[in-house]
Amino acid sequence: MWEPPKKNEWIPFEGKPFGAAGHLGARVTLSPRHVIYLNKKAFAALGEPEAVEFLFNPATESIGLRPANPRLESAFPVKPKVIQGLHSGYVIHASAFMVDIKIHPARTIQFNKITVDSKGLMTLPLESITAIARGAR
């Protein structure tokens, strides 16, 4: 059960900074329209699949992504994202999955503790997310 922090107890911020400093490693975000974005490093860590299968672990409140055969009925295509003619990462349209597990972010969220195990399963824990914005312009 959650308890408010005590007077001299400090709670660390587990998010990442906006801007280039936050883009040095794997980056995965989820938009309010249920679009998952993977930067090139996250896509490479996942094994550069054509499609993924979604998993959910309610005990750890984690989303799982694992490479899947694109011909499987449960496979979600991974598509390149192109902005102004430049390839900037990859997207997965995940509405069916997110509606099923009842995740509806009001803002774009970034997953902070991304892991990929030896079998290629990428884990995105919901306990470690940060709401993000486009930052200063």
Discussion item. To the closest 0.5 Å, what do you measure between CD (E61) and CD1 (I103)?
Written reply: 8.5 Å

Worksheet item: Going only through I, L, V, M, F, W and Y residues with side-chain contacts under 4.5 Å, is there a path from V91 to M98?
Response: no

Worksheet item: Are R66 and E53 side-chain neighbours, meaning at least one heavy-atom pair lies under 4.5 Å?
Response: yes

Worksheet item: Closest approach of P32 and A106, non-hydrogen atoms and distance?
Response: CG-O, 3.6 Å

Discussion item. I'd like to check I63 versus N57 (side-chain heavy atoms, cut-off strictly below 4.5 Å). Are they in contact?
Written reply: no

Worksheet, complete the sentence: Between the CD atom in E127 and the OG atom in S62, the distance rounded to the nearest 0.5 Å is 6.5 Å

Item to complete: Could you go through the side-chain hydrogen bond (donor to acceptor under 3.5 Å, both in side chains) check for N112 and T130 one step at a time?
Response: CA-CA 7 Å; N112 294 312; T130 304; 2.7 Å; yes

Discussion item. Is there a side chain to side chain contact (heavy atoms under 4.5 Å, CB included) between I36 and V28? Walk through the geometry before answering.
Written reply: CA-CA 7 Å; I36 291 181; V28 180; 3.9 Å; yes

Practice prompt. Might you work through the side chain to side chain contact (heavy atoms under 4.5 Å, CB included) test for T29 and I132, ending with a clear yes or no?
Written response: CA-CA 9 Å; T29 62; I132 60 170; 3.7 Å; yes

Worksheet item: Under a 4.5 Å cut-off applied to non-hydrogen side-chain atoms, are E48 and V78 in contact?
Response: no

Worksheet item: In terms of ring plane angle, is the pair F97 and F54 parallel, tilted or perpendicular, where the classes change at 30° and 60°?
Response: parallel

Worksheet item: Within the side chain of S74, is there an N or O that forms a donor-acceptor pair under 3.5 Å with the backbone of L72?
Response: no

Practice prompt. Establish whether I129 and I92 are linked, either directly or via other cluster members, by ILVMFWY side-chain heavy-atom contacts under 4.5 Å.
Written response: yes

Item to complete: Would you mind reporting whether L30 and F111 have side-chain heavy atoms less than 4.5 Å apart?
Response: yes

Discussion item. Count I, L, V, M, F, W, Y as connected when their side-chain heavy atoms are under 4.5 Å apart, and connections chain through other members. Are F56 and L46 then in the same cluster?
Written reply: yes

Discussion item. Measuring only between side-chain heavy atoms, which start at C-beta, is V52 closer than 4.5 Å to P67?
Written reply: no

Worksheet item: Looking only at heavy atoms, which two atoms of A42 and N39 are closest? And how far apart?
Response: N-OD1, 2.8 Å

Worksheet item: Are L121 and L55 side-chain neighbours, meaning at least one heavy-atom pair lies under 4.5 Å?
Response: yes

Worksheet entry | Note, H34 side chain near P105 side chain (heavy atom, < 4.5 Å) | yes

Fill in: Ring geometry between F43 and Y90 (parallel below 30°, tilted from 30 to 60°, perpendicular above 60°)
parallel

Fill in: Co-membership, hydrophobic cluster, residues V35 and I101, 4.5 Å side-chain
no

Fill in: Gap between atom OG of S95 and atom CZ of R33 - 0.5 Å precision
9.5 Å

Discussion item. Taking side chain to side chain contact (heavy atoms under 4.5 Å, CB included) as the criterion, tell me which of R27, K81, M122 meets it with L38.
Written reply: M122

Item to complete: State, to 0.1 Å, how close S128 and K113 come at their nearest heavy-atom pair, and which atoms those are.
Response: OG-CG, 3.4 Å

